[in-house]
Amino acid sequence: MRQNLSSEISFTRVPEYLFRTDDVLELSRVSRMEKIPTTIYETAREGAVAAAHHIADCIREKQKSNSHLVLSLVSGQTMTDVFAELVRMHREENLSFRNVILFNLFEYCPLPTIDAACYGQIYDGLISRVDIPAENIYTFDASKEQKELLNMIAQLERKMQELGGVDLQLLGIGRNGNIGFNEPGSPMRSATRLVVLDNNSKEDAKPLFGTVEQVPPLAITMGLGTILQAKEILLCAWGEHKAPQILSAVEGTVDTACPASALQMHDNAHIFCDLGAATRLTRLHHPWLVTTCEWDDALTRRAIVWLCEQTGKPILKLTNRDYNDYGLSELITLYGSAYDCNIKVFNDLQHTITGWPGGKPNADDSNRPERAKPYPKDVLIFSPHPDDDVISMGGTFQRLIKQGHNVHVAYETSGCIAVDDSNLQYFLDFLNGYDTVISGSKSQRLALSDFTPRQILDLKALIRRGEATAADRYMGLHEDHIHFLNLPFYETGTIKKGNLSQRDVDIVKNLLLTIKPHEIFVAGDLADPHGTHKVCLDAVLAALDELKATEKWLQDCRIWMYRGAWMEWEVDLIEMAVPMSPEELRHKRNTILKHQSQMESAPFMGDDERLFWQRAEDRNHATAELYARLGLANYEAIEAFVQYKL
């Protein structure tokens with residue numbers, strides 16, 4: 001089984017010379033907008049391994065002089081693969097940690113025991129699996145009373161100074177550009193301190209504690225001043241959802257609104273990130289501003305869309321002067337004139353628009369995103385959770401059914417974790433009332449306490465299954481075309497999910513072999529902050545990868561990626577744009593509203609206060625408005641797709 005295939009998607013769109021080159025002068029040129037040295041890796045795994053090897057090199061260098069390495073670590077998903085590689089080197093390459101003195105960057109407070117939350121993650125992922133002496137480990141005992149906490153904080157700060165300061169500080173970056181719990185507005189010279197957690201930090205902590213209400217109100221964190229005293233700083237960031245923060249930290253001004261930008265003031269700070277996290281850096285997003293480009297259709301389209309945004313003009317009104325004034329004279333040379341380039345890009349975008357997402361039968365399909373034949377098509381929609389299908393492509397889903405295609409939908413996970421207890425109690429109250437109405441007598445009332453934790457999760461899964469079925473029925477889908485896969489990686493019974501396994505992939509393969517679809521839709525939303533979308537995408541891609549060598553039907557199968565509630569495809573990447581009328585958009589909203597458990601009380605709404613139907617409508621409106629500003633037809637809303645090629 002090939003894992004993490006989703007991490008290669010961005011790579012197919014980024015020339016290597018923009019992020020990996022042996023030409024020092026060229027690297028200096030393309031990265032000249034970056035105020036912190038930034039190394040970009042093809043995948044998160046590659047970046048994590050590089051970070052681990054850098055830490056190992058620092059440890060070994062200190063061992064040569066028989067001295068200790070003072071290392072400050074951060075917990076979280078960013079460090080999972082870093083710790084795993086360090087453990088591998090310890091076991092297979094005799095990397096010893098006996099000269100390492102370890103400090104924890106932050107901890108939630110109050111906590112019942114010293115080994116809970118952040119330190120617990122570091123202990124489980126690294127400390128317990130290597131040979132760091134217990135006396136070399138310093139963390140915050142968040143079980144102490146507040147007065148004792150303040151004394152402990154002062155003692156740990158002094159201890160760091162006695163040891164000569166931190167040699168290597170490892171960092172991640174939060175959704176607000178925070179490092180540690182230094183949120184926007186934190187003083188640049190702040191020391192280790194006790195802070196009150198804001199709502200965003202509590203949202204980030206939900207995977208650890210279950211709900212916002214269970215997240216401790218406080219945290220202890222090393223301050224920006226303490227962090228900046230480290231001799232070397234390494235910040236790691238993986239994933240597209242980190243891209244806005246990396247852009248602000250690396251290319252923005254030093255500003256307390258983005259605490260990570262303080263690293264620009266450090267003489268030995270470095271950032272390791274993957275292509276996803278680096279997506280918005282100038283050298284990847286607008287390379288024509290820093291170097292000579294290798295122009296292809298996709299990059300040309302991106303440049304012209306950007307030029308329209310800069311000038312406020314639609315495509316067909318751009319002039320030679322506009323191209324020259326904004327550094328795109330290369331395109332004039334390549335195409336001969338602004339007019340010729342404008343027409344090319346306009347037609348490319350025009351050809352992405354189709355009201356026939358399954359292909360229009362008996363029509364010329366040479367300029368359509370989806371082929372006309374066969375008709376009708378067998379279509380399979382993969383949905384990570386039981387509502388992603390209608391949130392992300394509800395209009396397209398409806399069109400496919402109405403246009404006569406044989407549509408199936410596969411819900412990859414039960415989504416049980418995302419049902420609040422109050423929603424389950426609502427259904428239990430119904431059952432209590434039902435029993436009274438039918439029997440005419442009052443029996444013992446059912447309550448949450450009557451069920452085991454596993455039974456509660458199964459009941460919540462049943463709620464989500466019922467909502468998905470109701471939504472599909474409203475769409476006009478046959479119930480025997482609804483498939484609930486319940487992939488094992490999700491069914492851990494806890495917020496923390498398991499790793500993708502061959503069992504997951506085999507379940508997806510069996511469904512593919514049963515349906516043998518002509519067209520597949522899959523969630524390509526890698527900005528999902530909880531990671532489920534990425535694992536579900538990897539499961540589908542791994543299954544397709546295993547089947548492509550033997551299954552001839554796959555050669556005639558188109559795979560379209562949609563995006564979910566967090567981010568839309570950029571217009572230069574869109575390969576199929578499906579417009580919706582006001583009535584179709586209203587029908588999509590009503591379909592989303594069938595998922596009642598995912599309204600206001602859903603546990604994983606994220607930091608966006610809009611409900612999912614509002615996010616979907618705003619996103620679809622925005623895509624349509626952008627097409628209109630570029631001079632194309634003015635639709636009510638548009639759903640967008642990018643093709644994945646095996």
Side-chain angles (χ1 to χ4, degrees), residues 199 202-203 205-215 383-392 394 409 411-438 443-475 479 482 484-487 490-497 528-533 536 564-566 588-616:
N199 289 334
K202 288 182 177 180
E203 286 286 345
K206 277 197 300 190
L208 277 176
F209 296 97
T211 67
V212 168
E213 291 71 27
Q214 293 173 300
V215 176
S383 180
H385 299 98
D387 58 351
D388 289 311
D389 53 340
V390 293
I391 290 172
S392 304
V409 62
Y411 298 109
E412 294 172 85
T413 70
S414 68
C416 59
I417 299 297
V419 177
D420 188 74
D421 284 349
S422 62
N423 270 282
L424 177 54
Q425 187 61 57
Y426 170 85
F427 281 90
L428 295 180
D429 290 342
F430 171 82
L431 287 174
N432 291 326
Y434 173 85
D435 186 52
T436 301
V437 169
I438 297 302
S443 56
Q444 182 179 357
R445 291 181 60 82
L446 293 171
L448 290 173
S449 57
D450 296 324
F451 301 95
T452 66
R454 184 66 255 177
Q455 287 174 325
I456 287 175
L457 288 173
D458 289 342
L459 289 170
K460 288 180 175 181
L462 192 60
I463 290 172
R464 299 220 61 184
R465 180 181 288 226
E467 291 172 342
T469 302
D472 293 335
R473 190 185 299 120
Y474 182 72
M475 286 276 206
E479 289 190 26
I482 305 172
F484 295 95
L485 303 187
N486 294 325
L487 295 184
Y490 185 89
E491 301 301 324
T492 60
T494 65
I495 300 295
K496 185 177 180 180
K497 307 300 182 293
D528 162 29
H530 307 292
T532 301
H533 281 220
C536 286
W566 292 277
K588 173 177 176 174
R589 179 198 302 178
N590 291 338
T591 310
I592 296 172
L593 290 172
K594 298 295 182 185
H595 295 270
Q596 285 295 305
S597 71
Q598 300 306 292
M599 295 298 109
E600 289 91 338
S601 61
F604 299 116
M605 295 292 290
D607 61 336
D608 191 331
E609 294 183 356
R610 296 171 301 167
L611 300 180
F612 284 125
W613 71 264
Q614 293 171 316
R615 299 188 202 187

Rounded to the nearest 0.5 angstrom, the CD-CG distance for Gln425 and Asp429 is 4.5 Å
Q. Taking the side chain from Asn432 and the backbone from Leu428, do they hold a donor-acceptor pair closer than 3.5 Å?
A. yes
Open item on the list: Using side-chain heavy atoms (C-beta onward) and a distance below 4.5 Å, is Phe451 in contact with Leu446?
Closed with: yes
So CG of Leu462 and CD of Glu467: to nearest 0.5 Å the spacing works out to 10.5 Å
* Asked: Quick one: do Lys460 and Asp421 make a salt bridge, cutoff under 4.0 Å?
  -> yes
Between the CG atom in Asp387 and the OG atom in Ser392, the distance rounded to the nearest 0.5 Å is 8.5 Å
dist Ser414:OG -> Ile463:CD1 (nearest 0.5 Å) comes out at 11.5 Å
One should read off an interatomic distance between Lys588 NZ and Met475 CE, to the nearest 0.5 angstrom, of 8.5 Å
The side chain to side chain contact (heavy atoms under 4.5 Å, CB included) partners of Ala470 (sequence neighbours excluded) come to Arg473
Next item on the list: For residues Val419 and Leu459, determine if any side-chain heavy atom of one lies less than 4.5 Å from a side-chain heavy atom of the other.
Entry: no
- Give a yes or no answer on whether the side chain of Gln598 reaches the backbone of Phe612 with a donor-acceptor pair at less than 3.5 Å. no
Partner of Tyr411 under side-chain contact (heavy atoms from CB on, under 4.5 Å), picked from Leu487, Asp472, Asn486, is Asp472
Using distance alone, with no hydrogens and no angle criterion, decide if Ser383 and Glu412 have a side-chain donor and acceptor under 3.5 Å apart. no
Non-hydrogen side-chain atoms of Cys416 and Tyr490 separated by less than 4.5 Å:
yes
**Request:** Taking atom types as modelled, find out whether Glu479 and Thr469 have a side-chain donor-acceptor pair closer than 3.5 angstrom.
**Result:** no
TODO: Walk me through it: do Ile592 and Arg589 pass the test side chain to side chain contact (heavy atoms under 4.5 Å, CB included)?
DONE: CA-CA 5 Å; Ile592 296 172; Arg589 179 198 302 178; 5.7 Å; no
By salt bridge (charged side-chain N to carboxylate O under 4.0 Å, His left out), Lys594 pairs with (sequence neighbours left out) none
Check your understanding: Would you say the side chain of His385 lies within less than 4.5 Å of the side chain of Asp388, judging by non-hydrogen atoms?
Key -> yes
task: Please confirm whether the backbone N or O of Pro384 pairs with a side-chain atom of Thr413, one donor and one acceptor, at under 3.5 Å?
output: yes
Between the NE2 atom in His595 and the CH2 atom in Trp613, the distance rounded to the nearest 0.5 Å is 15.5 Å
